[in-house]
There are 2 protein chains.
Amino acid sequence: MKIKTQRLNAIIQIIANSKVGSQEELLIMLEKEGFSTTQATLSRDLKSLKVAKQPDQDGGYMYVLPESGAEQAEDDASFDEFPLSGLVSMEFSGNLAVIKTRPGFANGLGSVIDSHGPYEILGTIAGDDTILIIAREGISSDEVVNALALFIPGLRNKVIRP
Amino acid sequence: MKIKTQRLNAIIQIIANSKVGSQEELLIMLEKEGFSTTQATLSRDLKSLKVAKQPDQDGGYMYVLPESGAEQAEDDASFDEFPLSGLVSMEFSGNLAVIKTRPGFANGLGSVIDSHGPYEILGTIAGDDTILIIAREGISSDEVVNALALFIPGLRNKVIRP
DNA sequence: ACCTTCCTTGAATATTTATTCAATGCCTTA
DNA sequence: TAAGGCATTGAATAAATATTCAAGGAAGGT
């Protein structure tokens, strides 16, 4: 797994789970997780993740993931854009997919996937904030996304491509 | 009417109707509308309006209004069909509220509520499919709903009134 | 191997945004 | 009326963020 992808993931996790007010702050948190980088890179990372900086209730600022902050200004109400809680990211490795959720959501979302039981998916295992999805042999990552997107609105926006 | 209020309104209109990439840009647009001010004031205005700066699709940045269109999105039918947050219902009894979720979702949704920590809510306890919400004294059920609806799309549709 | 080309990055810098500070005007109350 | 307290603002500045530029590294081709 590429270091950049790991870092992007860590950034998503950090922003999803705690309040970050500046890139310097994020830098420090990433250091604690073992990522060493610079503000310049964070600026680029946040841009590519479409993370927005928003005034908060306490007179400060906080970074928000594109789902919960505001909807993208696509004039047509594409149902992919609905801000839904829980889903954080989805990534692939071979015929495996890993979905990251907000803490506590993995089981709920996992059972939703199980109950739909798409053909493309052999099975799932859910922890607290992570769901492992085992795809059937010969099924591409695109096909997995398509199958899940049928009943998980907003999923496509969360897929991180290598 | 106060000049500041007029200006704030104009800012909202401009951001709602066109793409603004920087405060300098906004400054120019406001000049055209007859408002003369400085970047310092815009920074304060945007902060008070909770306007966020978000990376856009074209490699630039744009300001977005907070939770604009949240109500529009809410009455879309697909929300009821795909309750990804697991939300099932919400009911009140005195200063308590009980949220029912699909199995496994209560903890996730509960921690979302906790992390937002709205003033109106004293605390929450989550089981597997039930969240108990304790409201602050003197807070009405409507106020609780309003506070939660800020970050739980579709909540209003799930509230069961006596 | 060598040479591209593309991707990623840090340092420095440019740009943008937030805040400090002082000044002004507008209330209210004495 | 005067005096005190807010609210608002612009200029200057501080702070934060974005981009430029050059350098390394990986992947692929010859």
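The chains referred to below are lettered A, B, ... by the order of the sequence lines, with proteins before strands, and numbering in each begins at 1.
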**Request:** Determine whether any donor atom in the side chain of B/Gln39 lies under 3.5 Å from an acceptor atom in the base of C/dA18, or the reverse, and answer yes or no.
**Result:** yes
**Message:** What is the distance, to the nearest angstrom, from the CZ atom on B/Arg44 to the C1' atom on C/dT17?
**Reply:** 12 Å
**Request:** Rounded to the nearest angstrom, tell me the gap between atom CE in B/Met62 and atom C1' in D/dT17.
**Result:** 19 Å
**Prompt:** Got a donor-acceptor contact below 3.5 angstrom from the B/Ser18 side chain to the B/Ile14 backbone?
**Reply:** yes
**Sugar-phosphate, base or nothing in reach of B/Ser43, heavy atoms under 4.0 Å** = base
**Prompt:** Hey, are the side chains of A/Leu87 and A/Leu109 touching, using non-hydrogen atoms and a 4.5 Å cut-off?
**Reply:** yes
**Item:** Distance in Å, A/Ile131 CD1 paired with A/Ile113 CD1, rounded so as to fall on 0.5 Å steps
**Value:** 4.5 Å
**Prompt:** Counting side-chain heavy atoms from C-beta on, which of C/dA11, C/dT17, C/dT9 comes nearest to A/Thr38?
**Reply:** C/dA11
**Request:** Take the protein atom CG of A/Leu42 and the nucleotide atom C1' of C/dA11, then report the distance between them rounded to whole Å.
**Result:** 15 Å
**Request:** Classify the nucleic acid contact of A/Ser36 as base, sugar-phosphate or nothing, counting any heavy atom under 4.0 Å across all strands shown.
**Result:** sugar-phosphate
**Shortest side-chain distance from B/Lys53, nucleotide among D/dT9, D/dA18, D/dT19** = D/dA18
**Prompt:** In Å and rounded to the nearest 0.5 Å, what is the CE to CD distance from A/Met62 to A/Gln54?
**Reply:** 7.0 Å
**Prompt:** Under 3.5 Å, is there a donor-acceptor pair between the side chain of B/Lys100 and the main chain of B/Met90?
**Reply:** no
**Any side-chain heavy-atom pair of B/Ile11 and B/Leu42 under 4.5 Å** = yes
**Fill in**
A/Tyr63 OH to D/dA18 C1', in whole Å, measures 10 Å
**Message:** Taking A/Gly59's backbone N and O only, do any of them form a donor-acceptor pair with A/Asp56's side chain (distance below 3.5 Å, no angle check)?
**Reply:** yes
**Complete:** Contacts of A/Lys47 and B/Ala40 projected onto DNA chain D by closest heavy atom; the upstream (5') one is B/Ala40
**Item:** Spacing of B/Lys50 atom NZ relative to C/dA18 atom P, expressed in whole Å
**Value:** 13 Å
**Request:** Using atom CG of A/Leu30 as one end and atom P of C/dG10 as the other, report the distance to the nearest whole Å.
**Result:** 11 Å
**Asked** Starting at the 5' end of DNA chain C and moving along, which residue's nearest nucleotide shows up first, A/Gly60 or A/Thr41?
**Response** A/Thr41
**Prompt:** If only side-chain N and O atoms of A/Thr37 are considered, is one of them under 4.0 Å from the OP1 or OP2 phosphate oxygen of C/dG10?
**Reply:** yes
**Message:** Could you write out DNA chain C as dot-bracket? Rules: Watson-Crick or G-U wobble, both distances under 3.5 Å, brackets [ ] for crossings, | for pairs with another strand, dot for unpaired.
**Reply:** ||||||||||||||||||||||||||||||
**Prompt:** Can you check the A/Tyr61 OH to D/dA15 P distance for me, whole Å?
**Reply:** 15 Å
**Message:** Tell me the interatomic distance from A/Gln23, atom CD, to C/dT15, atom P, rounded to whole angstroms.
**Reply:** 18 Å
